[in-house]
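All remarks here apply to the structure that follows.
Chain letters run A, B, ... following the sequence lines, proteins first, then strands; residues in each count from 1. Just so you know, these numbers use all the heavy atoms, side chains as well, and skip hydrogens, waters and symmetry mates. The model shown is predicted, which means the values in this text are computed figures rather than measured ones.
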Amino acid sequence: MNVDQSLRTAVKQAAEALFGQPLSAIQLQPTNAEFEGSHTVVCFPLTKLSRKGPEETARLVGDYLVQHAGIVSRYNVVKGFLNLVLSDQVWVDVLRAIVANPNYGQLPDNGQEIMIEYSSPNTNKPLHLGHLRNNFLGWSVSEIYKNNGYTVRKVQIINDRGIHICKSMAAWKLYGDGETPQSTNMKGDHLVGKYYVEFDKAYKAQMAALITKGASEEEASKQAPIMQLASDMLRKWEQKDPDTVSLWQTMNGWVYEGFSATYARMGVDFDKLYYESDTYLLGRDEVLKGVEKGIFFKKDDGSVWVDLTADGLDQKVLLRSDGTSVYMTQDIGTAILRFRDFPKIMGQVYTVGNEQEYHFKVLFLILGKLGYEWAKQCFHLSYGMVDLPTGKMKSREGTVVDADELMQEMYEDAEKQSRELGKLDEMSHDEAKRLFEMVGLGALKFFLLKVDPKKRMMFDPQESIQLQGFTGPFVQYTHARIRSIIRKAEGMGLQVSAGDLNGVTALEPAEREALQVLSVFENKVQEAAREYAPSIIANYAYDLAKEYNKFYQNIPIFNETDTNKLKFRIALSQSIAKSIKRAMHMLGIEVPERM
RNA sequence: GGUCCGAUAGCUCAACUGGAUAGAGCAUCAGCCUUCUAAGCUGACGGUUCGGGGUUCGAGUCCCUGUCGGAUCACCA
């Protein structure tokens with residue numbers, strides 16, 4: 001039973017009966033903590049129908065609800081706000097329904113399919129903090145959609161082609177001395193990234209030398225030998241020169257090996273990978289077809305453009321004058337290919353930083369112009385940059401926070417803090433290690449996901465390793481506490497099912513309040529999908545844990561001698577633990593049995 | 001310069017899409033472990049929601065305007 005729904009219909013009936021007119025929308029909100037009640041009807045909009053003052057209107061509705069709607073036991077009116085107190089029986093029924101539903105928090109299959117893209121790295125350097133926000137967001141939104149009843153296809157596009165990878169290749173060829181991940185004992189992505197940095201160093205030095213010899217900055221940027229080597233490699237790659245392609249394959253292979261280790265530790269995965277090297281030609285074909293159909297136009301130099309001035313944007317290049325693809329071309333091809341591969345998907349979500357908002361605006365417009373209906377169902381999940389206290393992250397200046405290093409630091413810090421707290425007495429070595437991983441990564445993921453994705457956020461390392469307050473470990477700890485209770489109950493032979501929740505008639509305030517928070521879980525799951533916002537789930541998980549801790553602190557469960565009440569409390573605890581676990585899973589965070 | 005975001009407690013973030021006296025955490029201070037895990041709980045302190053107008057029963061939220069910060073407007077990706 002859904003309390004909100006019942007209340008809405010009840011208020012609707014009340015309004016019709018009292019004022020003789022149908023009511024389109026009802027404003028129902030949680031009651032402020034300072035007043036008695038759980039639900040509040042905002043009565044100002046009703047005054048137009050009632051032709052009475054807000055307070056009198058509220059009282060009329062309140063009286064009607066107490067008399068006619070079985071679930072409202074009393075009410076109070078503050079200004080135009082009608083605060084409703086539901087009978088405890090209603091709350092017991094709510095818990096009964098939750099206990100009876102093993103999938104509470106997960107909505108039934110809706111038959112719809114959706115594709116979500118995230119990660120999408122370049123293959124010339126390792127993943128960093130920005131990628132972590134991206135991956136955690138994309139993975140979490142996927143889980144949130146699954147919990148809303150969708151079939152989800154998780155994908156990424158790997159930018160494995162282009163000048164950036166040729167830069168690492170050029171530097172390795174010049175200075176690499178045959179180094180491999182095996183010979184250096186380095187992760188492949190880090191090794192390739194090292195040569196990307198080498199390239200930049202050499203490039204800068206060569207440019208400086210040319211400039212002192214009198215070259216302009218632009219000339220120097222093109223004439224630097226190492227850049228010429230990289231450009232040459234790109235040309236050779238496009239001509240499928242065997243040596244170049246082989247080196248490209250080898251170095252990309254190193255990167256993929258490194259990435260898969262990073263993804264494994266991050267706990268993210270994909271249903272299908274797309275490679276730019278496979279899709280850019282399709283994109284070019286589609287663009288050429290568009291030229292034939294008159295959707296795009298060709299300039300005298302042979303370059304192909306789309307005119308978006310009618311949509312308030314500019315003209316945009318789609319093929320260079322030499323016929324090669326640009327970023328946009330590749331994305332057009334990828335999008336089309338994906339809808340061919342997965343014909344049932346209704347739309348696509350692109351998890352990409354907000355610096356690319358313009359790009360996606362243009363992409364979706366172009367796909368629409370090409371006649372693809374699904375273009376309307378494409379959504380750019382645009383998220384803000386992650387800032388450091390020292391300022392913006394810049395790979396060139398070495399101020400990036402490396403993903404692998406950060407995860408390892410979080411692990412070590414979780415270990416250190418756990419030891420200081422003396423939490424490990426009864427734990428095996430393996431269990432302890434799993435716990436550090438859970439807590440370290442949980443802290444990191446929660447920290448990155450608790451903020452509204454749209455907003456730029458600050459990553460303070462000191463704050464991210466906090467285990468107290470509004471953090472992942474706080475929620476994990478609450479779960480472990482509840483599990484401890486459940487174990488004790490099971491040890492006493494107490495198993496609780498929905499049918500056992502009869503004999504309770506009066507609730508403690510702390511019980512009612514915890515139950516109230518528990519009861520809105522599915523609303524939050526829906527809201528999170530609608531907003532593409534894991535932060536809604538993170539905030540909810542925190543609220544739920546916080547509310548449980550209040551209950552835990554106030555009411556000693558096992559002091560209760562009335563078996564009915566005892567069972568009620570255990571059922572409530574159990575349900576909250578399960579909901580915490582499910583909510584945290586939607587964030588990609590595991591919860592421990594003890595900590 | 002055009003367009004698009006953002007600005008809320010000392011710091012990091014909320015605020016159910018226009019509702020009540022704007023809430024959490026961190027930090028600071030004061031309490032609570034012989035009772036289910038103190039990674040917890042309870043209190044105190046902390047606000048001209050960037051400034052100025054407007055809309056209405058009601059504005060952090062909507063409109064106008066100014067200030068500050070950021071992104072973007074490439075034959076880069």
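Contacts with RNA chain B (heavy atom under 4.0 Å) in residues 468-476 of chain A: A/Gln468, A/Gly469, A/Phe470, A/Phe474, listed by number.
B/G6 and B/G18 are spaced 14 Å apart, taking the P atom of each and rounding to whole Å.
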Grab the N/O contacts between the protein and nucleotides 54-63 of chain B below 3.5 Å, and write none if there aren't any.
none

Report each atom pair, protein N/O against N/O of nucleotides 21-23 of chain B, whose distance is under 3.5 angstrom.
residue	atom	partner	partner atom	Å
B/U21	OP1	A/Lys79	NZ	2.8
B/U21	N3	A/Glu34	OE1	3.3

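Note on A/Asn83: a base of the nucleic acid sits closer than 4.0 angstrom, heavy atoms only. Contacts of A/Asp460 with the nucleic acid, taken as non-hydrogen atoms under 4.0 Å apart, are absent. A/Pro54 comes within contact range of no nucleotide atom at all, as no heavy-atom separation falls under 4.0 Å. Contacts of A/Phe558 with the nucleic acid, taken as non-hydrogen atoms under 4.0 Å apart, include base atoms. Nucleic acid contact for A/Asn122: sugar-phosphate only, since backbone atoms but no base atoms lie under 4.0 Å from a heavy atom of the residue.
Residues forming a side chain to side chain contact (heavy atoms under 4.5 Å, CB included) with A/Ala571 (at least two apart in sequence, or on another chain): A/Leu95, A/Val99, A/Val496, A/Leu501.
For A/Val451, the side-chain atoms get nearest to B/C13 when compared with the rest of B/G40, B/G25, B/C13. For A/Glu357, the side-chain atoms get nearest to B/C4 when compared with the rest of B/C36, B/A14, B/C4.
Within the structure, every pair that satisfies the salt bridge (charged side-chain N to carboxylate O under 4.0 Å, His left out) test and touches residues 474-495 of chain A, not counting sequence neighbours, is listed here: A/Arg483-A/Glu593, A/Arg487-A/Glu593. Among pairs with a residue in residues 533-544 of chain A, none fulfils salt bridge (charged side-chain N to carboxylate O under 4.0 Å, His left out), at least two apart in sequence or across chains.
When the nearest nucleotides of RNA chain B are assigned to A/Phe459 and A/Val78 by heavy-atom distance, the more 5′-ward of the two goes with A/Phe459.
One atom, CG of A/Asn554, and another, P of B/C33, lie 15 Å apart when rounded to the nearest Å.
Aromatic stacking of A/Tyr552 on B/G40: not satisfied for centres closer than 5.5 Å together with planes under 30 degrees.
Note on A/Lys546: a side-chain N or O is less than 4.0 Å away from OP1 or OP2 of B/C41.
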